[in-house]
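Inspection log for the structure reproduced underneath, given as structure tokens.
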Amino acid sequence: MMWSVKRHIHKVHAENCTFFSHYSTVPQCSTTSRIQNIGILNKSLKQCLKNVVTANALDSSIISSTGTKSSPPNLVEITTPQKLPSLAVFVSGSGSNFKAIHAAILEGKIKAEIAAVVSDVPSCGGVQYAQACGIPTLTYPIPKKGGSEGLNVEQIVEALKVKHSVDYVILAGYLKLIPSSLVAAYPRAMLNIHPGLLPSFGGKGMYGERVHKAVVASGVRFTGPSVHFVDEEFDTGAILAQRVVPVYPTDTAKDVAARVLKQEHVVYPEAVAALVDGRITWRDDGIPIMWSAH
Ligand code: GRF
């Protein structure tokens, strides 16, 4: 019995080490991220130390008692950090949505960790940010122009599922179509954000400024981001969440883009938090319902 308690204590210590090695890479992040990480580190460290103290107390009570006297401690009482849901974030550009999701994780609003960042553009801002934060990066698909290494679809599925144990895929400004085998690997577990109110202003070729130009040209008075599940087509998966912003008749596409992007950074972290918390249910007709945390 004593042996099993000691083994457990070692496990707690080992988990502290894992925790430290994970976060020790973060100081290369922005100052804000560093401060946020230190806050989280302190909080989690306190929890882990509490675990060790609890485990040590149990240990000494067993050591000080005789073999015949001591009754087995309830090991279930010793809490150890649980494995958080793992995300892979796909980016092609500046990665502002990825940064918003990362910030929400650091603030404790999304209870998950980012296991990998995937991109078709290895030099893009999103990849650079991931590297600065010590998050593993993968290139997918293999760039047509060559020059750097990349993965094919079978390899990316394998890397996400097996190597990085990814539970959810989050497309954040990723411009390539996701092939059916990758979609099938993440049923109801892959999200995208689109900068228009779907099902309008979506589809192949409708991304970035093109969406906002079409919005301004159409004369609509409202637009906004849509978060949706990913299927085999561009922007046709089930809509999960939307935000609405006004479009003024004097607006340029840039004005609209800035207004929409602000709301993207609000609605996407909220939707990802709901996904990893299990706060999404499905109607019989395939429409998702996102429930608030309160
Ligand atoms: C965003 O408008 C997003 O909706 C679209 O790509 C744009 C850029 O995203 N999918 P980001 O700044 O790289 O996150």
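Indexing begins at 1, ligand by ligand and atom by atom, following the structure's order.
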Mind listing the side-chain donor-acceptor pairs of residues 184-199 below 3.5 Å, one per line with the distance, residues two or more places apart or on another chain?
residue, atom, partner, partner atom, Å
Tyr186, OH, Val166, O, 2.9
Asn192, ND2, His228, NE2, 3.0
His194, NE2, Phe201, O, 2.7

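Atoms of ligand 1 lying under 4.0 Å from any heavy atom of Ile193, numbered from 1 in the order shown and given with element: 4 (O), 10 (N). Ligand-side atoms of ligand 1 in range of Ser96: 11 (P), 12 (O), 13 (O), 14 (O), range being under 4.0 angstrom from any heavy atom.
For the pair Asp167 and Lys83, the salt-bridge criterion is met [side-chain N within less than 4.0 Å of a carboxylate O].
Within the 4.0 angstrom cut-off, atom 7 (C) of ligand 1 has no protein heavy-atom neighbours.
Looking at residues two or more places apart in sequence or on another chain, you find no salt bridge (charged side-chain N to carboxylate O under 4.0 Å, His left out) involving Asp284.
Within 6.0 Å of CH2 in Trp282 there are more than 12 heavy atoms belonging to other residues, nucleotides or ligands.
Within the structure, ligand 1 lacks Gly208 among the residues with a heavy atom less than 4.0 angstrom away.
Among protein heavy atoms, the minimum distance from atom 9 (O) of ligand 1 is reached at Asn97 ND2, 3.6 Å. For atom 5 (C) of ligand 1, the nearest non-hydrogen atom of the protein is Gly173 CA, 4.0 Å. In terms of protein heavy-atom proximity, atom 4 (O) of ligand 1 is nearest to Glu264 OE1, 2.7 Å.
Residue-to-ligand polar distances place Ser94 within reach of ligand 1: an N/O pair is separated by less than 3.5 Å.
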